[in-house]
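Okay, structure first, notes after.
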Amino acid sequence: MRIDEVMKPGVTGFSEEELSQQKIKTFEAYLFHAIRNENAKIVYKEHPLNYKTFCTYQISTREMDFYILLHTIYPFVTFASEVDFSGIKFIDGPEPVKSIIAENYTVIDKELLNQTLTQEATITLRTAEQKMIKYWNPKTIGEVIFNYWD
């Protein structure tokens, strides 16, 4: 996957125009199917608030606990081992869960999300987003896409 495939206008959550939101119930149907196959369960979920661009699902399996993040505007999903205001630690999720979700969503891997943010990567974003990036000073692509900015 290339940077320009994920750095789309509105990805920061800041836009001059109204952008449609993800249908959370539709995603949750795929999620329940994916985790059921792994005998996993959702321990905690947090739907989007005004200050963040993603929904958070904490998943527990016999082997590990991890998070699945759903972007609120684009059908982007990723996995993390830690999610809080101090940062997100992106991981590659369990392959069976990842493959089921990838049938209908774009799963962004940790390598892309951990790439250093460059000026070139932000060229496709709108003026309001460019201003927010300058203000919040994210260091990686992941910090732009999955953010807690207000």
Side-chain angles (χ1 to χ4, degrees), residues 1-32 34-35 40 42-60 64-95 97-150:
M1 178 172 290
R2 298 183 333 253
I3 290 174
D4 64 330
E5 294 176 301
V6 295
M7 293 295 280
K8 298 180 178 188
V11 77
T12 64
F14 290 91
S15 180
E16 293 91 4
E17 59 195 55
E18 188 68 28
L19 298 169
S20 63
Q21 298 285 307
Q22 286 294 319
K23 295 190 177 12
I24 292 171
K25 294 293 181 196
T26 303
F27 173 75
E28 287 180 354
Y30 286 103
L31 177 60
F32 289 134
I35 66 172
I42 295 175
V43 179
Y44 172 80
K45 70 180 177 178
E46 182 176 281
H47 288 169
L49 303 170
N50 292 335
Y51 59 86
K52 69 180 204 173
T53 60
F54 58 94
C55 301
T56 306
Y57 297 88
Q58 184 179 3
I59 310 298
S60 181
M64 66 186 287
D65 289 349
F66 60 93
Y67 296 88
I68 296 177
L69 310 180
L70 169 69
H71 195 271
T72 57
I73 297 167
Y74 289 102
F76 297 156
V77 175
T78 196
F79 296 83
S81 60
E82 297 174 24
V83 178
D84 61 36
F85 291 108
S86 64
I88 299 170
K89 184 174 181 186
F90 299 107
I91 61 170
D92 291 324
E95 196 54 46
V97 175
K98 184 178 173 180
S99 64
I100 290 173
I101 291 173
E103 291 174 8
N104 290 287
Y105 293 85
T106 301
V107 178
I108 307 174
D109 63 26
K110 71 177 182 180
E111 286 79 21
L112 178 64
L113 294 169
N114 288 326
Q115 283 186 27
T116 301
L117 181 66
T118 63
Q119 183 73 27
E120 184 178 288
T122 66
I123 202 157
T124 58
L125 303 181
R126 302 246 162 56
T127 304
E129 294 176 292
Q130 302 258 348
K131 287 179 182 177
M132 286 291 137
I133 287 171
K134 194 173 204 168
Y135 178 80
W136 290 102
N137 195 29
K139 304 294 184 216
T140 66
I141 299 294
E143 290 175 10
V144 171
I145 298 171
F146 296 98
N147 70 64
Y148 286 96
W149 307 343
D150 57 7

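This is a predicted model, so every value here is computed, not measured.
At least one side-chain heavy atom of Ile101 sits under 4.5 Å from a side-chain heavy atom of Ile68.
Rounding to the nearest 0.5 Å gives a distance of 11.5 Å between CD1 of Ile42 and OG1 of Thr56. Taking CD of Gln130 as the start and CD1 of Ile133 as the end, the distance is 6.0 Å to the nearest 0.5 Å. A distance of 12.5 Å separates CD1 in Ile91 from CG in Asp109, rounded to the nearest 0.5 Å. In this structure, the separation between CD on Gln58 and CD on Glu46 is 11.0 Å, given to the nearest 0.5 Å. Summarising the geometry, atom CD1 belonging to Ile123 is positioned 11.5 Å from atom CG belonging to Asp4; distances are rounded to the nearest 0.5 Å. Here Lys110 contributes atom NZ and Ile88 contributes atom CD1; the two are 15.0 Å apart, rounded to the nearest 0.5 Å.
Although no hydrogens or angles enter the test, the distance criterion places a donor-acceptor pair under 3.5 Å between the side chain of Asn147 and the main chain of Thr12. Checked by atom type and distance alone, the side chain of Thr53 never pairs as donor or acceptor with a backbone atom of Gly13 at under 3.5 Å.
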Under the side chain to side chain contact (heavy atoms under 4.5 Å, CB included) rule, what do Ile145 and Val6 come out as? Steps first, then yes or no, please.
CA-CA 8 Å; Ile145 298 171; Val6 295; 3.7 Å; yes

Between Tyr57 and Phe27, is a ring-ring contact (aromatic ring centres under 6.0 Å, His included) present by the stated rule, with each step listed?
CA-CA 11 Å; Tyr57 297 88; Phe27 173 75; 5.5 Å; yes

Just do the ring-ring contact (aromatic ring centres under 6.0 Å, His included) check on Phe66 and Phe90 with the steps written out, would you?
CA-CA 10 Å; Phe66 60 93; Phe90 299 107; over 10 Å; no

Show your working on side chain to side chain contact (heavy atoms under 4.5 Å, CB included) between Thr26 and Tyr105 and close with a plain yes or no.
CA-CA 11 Å; Thr26 303; Tyr105 293 85; 3.9 Å; yes

Please walk me through it: do Thr72 and His47 pass side chain to side chain contact (heavy atoms under 4.5 Å, CB included)?
CA-CA 9 Å; Thr72 57; His47 288 169; over 6 Å; no

Could you walk me through whether Arg126 and Met132 satisfy the side chain to side chain contact (heavy atoms under 4.5 Å, CB included) test, starting with their C-alpha distance in whole Å, then the side-chain angles of each, then the deciding distance to 0.1 Å, before giving a yes or no?
CA-CA 10 Å; Arg126 302 246 162 56; Met132 286 291 137; over 6 Å; no

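By the salt bridge (charged side-chain N to carboxylate O under 4.0 Å, His left out) test, Glu28 is found to be paired with Lys25, Lys45, residues two or more places apart in sequence or in another chain being considered. With sequence neighbours excluded, the residues forming a side-chain contact (heavy atoms from CB on, under 4.5 Å) with Thr140 are Glu143, listed by chain and number.
In terms of heavy-atom proximity, Ile59 sits nearest to Ala40 at CG2-CB, 3.8 Å. Taking each heavy atom of Cys55 and Ile24 in turn, the nearest pair found is SG-CD1, 3.7 Å. When all heavy atoms of Val43 and Ser60 are compared, the pair lying nearest together is CG2-CB, 3.4 Å. Heavy-atom minimum distance, Asp84 versus Tyr148: O-CE1, 3.3 Å. Of all non-hydrogen atoms in Ile73 and His71, the two that sit nearest each other are N-ND1, 3.1 Å. Met7 and Val144 make their closest contact through CE-CG1, 3.8 Å (heavy atoms, listed as atom of the first residue, atom of the second, distance).
Under a cut-off of 6.0 angstrom, the local environment of CD in Glu120 is sparse, with at most 12 non-hydrogen atoms contributed by other residues, nucleotides or ligands.
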Got a list of side-chain donor-acceptor pairs under 3.5 Å for residues 76-83, not counting sequence neighbours?
{"residue": "Thr78", "atom": "OG1", "partner": "Ile108", "partner atom": "O", "Å": "2.9"}

